[in-house]
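Residue numbers run from 1 in the order of the sequence given. Atoms considered below: every heavy atom in the structure, side chains included; atoms not considered: hydrogens, waters and symmetry mates.
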Amino acid sequence: MISPMHQVIVAGRQRDSREIMAALQRAGVLHIVPLSAAGFETGPLGGLAADERRSSERLLARVESTLGELGALRGAPAPLPPEGEWAARVEEVAQPASVLNARETELQSDLDTQASYGEVVRVLARLAGGVDTSRRLALLTFTVQTPEELSAVEAALREDLGDRSALASDRVNQNTIAAAVAVLRADREKARAALSRARVGELRLPGRFDALPVSEVQAEFERIARANPAALNEVRAEKRRLAAAHGARLYAIRDALADRVAIDDARAQTARGKYGFVLQGYVPDESMGTFRSAMDAMQGQVVYEVQPADEHHAETIPVKLRNSPYARNFEFLLGVSEPPRYGTFDPTWMIAAFFPLFFGFVVADIGFGLIFLIASLWMQARGRRGEDLDLGFLGIRLDPATLQQVSTVIRTMSLWTILWGFLTGEFFGNVLEKLHVFYLNPELIQRIYGVQVGAGGEHATGLIPILFPRTDAGFASVIMLICLAVGIIYLFWAWGLRAQLARKHGQTGHFWEAVAIMGGLLGLILLAYISKIGADFGALGNFGNPLVLVMLAGFLVFVVGYIRIIKDVPILPIELLSQGGNIISFTRLFAVGVAAAILANLATDLGWSLGGILPVIGPILGILIGLFVHSFFLALTLIGHIMQPLRLHYLEFLNPTGFYQESGPRYVPFARASVRK
């Protein structure tokens, strides 16, 4: 749900503004919005305050760059030194850190160059045979990939220089041939032109190595390979020592400076006079006690006024979501968009309740559910240890807090998957059916659902009856009706919310649009039901059937609503048909789920059949192949299993509610840097 907000106005003397802002910052609950008023100064600070801010920013940039150079991590907090010592304490560490960082960069750069060019230079130094140090001769080096390229260079040299050049080459590795051309110094430019005509570039080494003879480069590379790793370790050890000795104190100074700059930013959002200032902001309902305590402690220096936020100005009111600890784990699934506008609908709890259920309905396999459960427990343990998880193939890195949330979501998905797996009798497909743990009882299905399913065949006996045989062709109509019923509930729910919110905010056009769509949907649904989906249109004329009257009333409501908004939404009939299609979209749950079950059964059948061919190796081979095929199918379809249930919420449900059209600013309280971190 969206937390109720209170609008607050704070006023005080200009000379107390920094102290008042510091008190608000310590409270950490006020979301500040810029305020402008006639006769008051607004915007960035000027004069002495601006100079002080620039000085703080320079020192803040210095301490942040030093922390970055040292790679210092935030640990246990340290006491903050006196303000007069801040600059000296920072420079005490910044200068050696800068020297160490430059030295580390130099050592690492040389090592990288040696690793990239070492083998090529070794071959070239041997080919040069001392010619690279000659005063009369010039040596040009290059690399090619194929002998044909080398032949082209040789032909170009012969054409331009005749016999006044010598070419030597040797293979470095499977893909690289190193070559050196010796010419008279007077012919060097001609030789370069010949290389260019053969579309081969002269080898240029990075930095200082390019000016050295190749034999000296080889000697330098040998020294680098021998000495740099140890030197690099020494530099990094010294950086770690500096970080351990000074990192906590630097972070304390950094936070104090960041707080000071943030206070100046907050002051820039006030309306300022010669002697006083006025500040406007919002505080969540649950944080009003903290705000009042902070302000009451400054009695005599500040006055404030509080009133409930006016939903009619919701576009400026910040939004803070206040959900249960469980539902809070699902908020990141809606983080791809701005939060819903204040006074509207927060769908987090609905995603938390129904997305895992839909996912379980689609996968519905005990074995896969156990895999997801194990993965979630592993992620939870990793998050509790404070470790990140790098999903390199997706370009995502999950911090420990997010990892805990994701593990909760996956665990809930796995439990629903296991529950639906018990109903469908699936464990890696039909493994447990083949072992006669689950079995199909047509008489039981007939009594429960009133439909006829297959006799069960080899799976007709077992311990636990299957209550939801989704892969049986006779049961398809039941699943289809369940999916359509869910779609109908969702669409009426969404448009009902739209009508409620529109009426609440006085949006007459949106209200009649929602009412018209709901009336039209009711008419379309009853038209399909009464006519048995077009098989008996004559039944629509039976006015003795109350459903026919309800259908006509639904269409009448649509017509009335359409007339009210025809100028603004002339294509409403097309929109109505689109909403009917959205109901049918919920059959994706049936299609994707049954397809996944059939693929799982095929994988199991493949492994099972191999197990019966050979007496000893067959079962082992069958299990291995079955697991491989299951893993392949799961990897191939998993994204669809997740995205289809999410899509039904993102598009079919949230679009009609106006979730994407009416967003609000996110609640960002004015707080201390250490708290924000």
List the atom of [X], the atom of [Y], and the distance in Å for their closest heavy-atom pair.
| X | Y | value |
| --- | --- | --- |
| L403 | G383 | CD2-N, 3.7 Å |
| G520 | F555 | O-CE2, 4.0 Å |
| L491 | P656 | CD1-CG, 4.4 Å |
| A596 | V362 | CB-O, 4.5 Å |
| P469 | L440 | CB-CD1, 3.7 Å |
| Q269 | I32 | OE1-O, 3.8 Å |

Does any part of the side chain of [Y], heavy atoms only, come nearer than 4.5 Å to the side chain of [X], both counted from C-beta?
| X | Y | value |
| --- | --- | --- |
| V515 | V557 | yes |
| V668 | P318 | no |
| V406 | F332 | yes |
| Q500 | F345 | no |
| L522 | V550 | yes |
| F427 | L370 | yes |
| F422 | L467 | no |
| F438 | E426 | no |

[atom1] of [X] to [atom2] of [Y]: how many Å apart, nearest 0.5 Å?
| X | Y | atom1 | atom2 | answer |
| --- | --- | --- | --- | --- |
| L646 | L333 | CG | CG | 6.0 Å |
| R341 | I2 | CZ | CD1 | 11.0 Å |
| Y667 | H31 | OH | NE2 | 9.0 Å |
| L654 | L497 | CG | CG | 10.0 Å |
| H649 | L334 | NE2 | CG | 10.0 Å |
| T270 | Q280 | OG1 | CD | 11.5 Å |

| query | For R384, which residues count as a salt bridge (charged side-chain N to carboxylate O under 4.0 Å, His left out) partner, sequence neighbours excluded? | reply |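 For R384, no residue satisfies salt bridge (charged side-chain N to carboxylate O under 4.0 Å, His left out) once neighbours in sequence are set aside.
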| request: Among residues two or more places apart or on two chains, list those pairs meeting salt bridge (charged side-chain N to carboxylate O under 4.0 Å, His left out) that have a residue in residues 326-338. | output: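 Found none.
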| field | Partner of F653 by ring-ring contact (aromatic ring centres under 6.0 Å, His included), out of F355, W493, F358 | value |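 By the ring-ring contact (aromatic ring centres under 6.0 Å, His included) criterion, F653 pairs with just one of F355, W493, F358: W493.
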Check: [X] side chain, [Y] main-chain N or O, donor-acceptor pair, under 3.5 Å:
| X | Y | answer |
| --- | --- | --- |
| S293 | G289 | yes |
| D285 | H6 | no |
| S324 | A327 | yes |
| T417 | M413 | yes |
| S585 | G581 | yes |
| Y562 | P570 | yes |
| N430 | E433 | no |

| Checking side chain to side chain contact (heavy atoms under 4.5 Å, CB included) for the pair I351/T348: CA distance, chi angles, key distance, verdict? | CA-CA 5 Å; I351 301 288; T348 302; 5.8 Å; no
| Ring centres under 6.0 angstrom apart (Y326, F330) |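 Yes; F330 has its ring centre under 6.0 Å from that of Y326.
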| query | Do Y282 and Y342 have ring centroids that are under 6.0 Å from one another? | reply |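 No - the distance between ring centres of Y342 and Y282 does not fall below the 6.0 Å cut-off.
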| request: Start with the C-alpha gap between F475 and F468, add the side-chain angles, then the distance that decides, and say whether ring pair (Phe, Tyr, Trp, His ring centres under 6.0 Å) holds. | output: CA-CA 8 Å; F475 197 71; F468 203 78; 5.1 Å; yes
| query | Do V486 and F354 pass the side chain to side chain contact (heavy atoms under 4.5 Å, CB included) test, and can you show the C-alpha distance, the side-chain angles, and the key distance before you say yes or no? | reply | CA-CA 11 Å; V486 171; F354 294 106; over 6 Å; no
| message | For I525 and I583: C-alpha separation, side-chain torsions, deciding distance, then whether side chain to side chain contact (heavy atoms under 4.5 Å, CB included) applies. | response | CA-CA 10 Å; I525 293 166; I583 292 177; 4.0 Å; yes
| field | Atom CZ of R647: over 12 foreign heavy atoms under 6.0 Å | value |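 Enclosed: over 12 neighbouring heavy atoms sit under 6.0 Å from CZ of R647.
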| said: Please check if the number of heavy atoms outside W416 that lie under 6.0 Å from its CH2 is greater than 12. | reply: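 Counting other residues, nucleotides and ligands, CH2 of W416 stays at 12 neighbours or fewer.
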| field | side chain to side chain contact (heavy atoms under 4.5 Å, CB included) between D472 and I445, intermediate numbers included | value | CA-CA 11 Å; D472 191 285; I445 300 301; over 6 Å; no
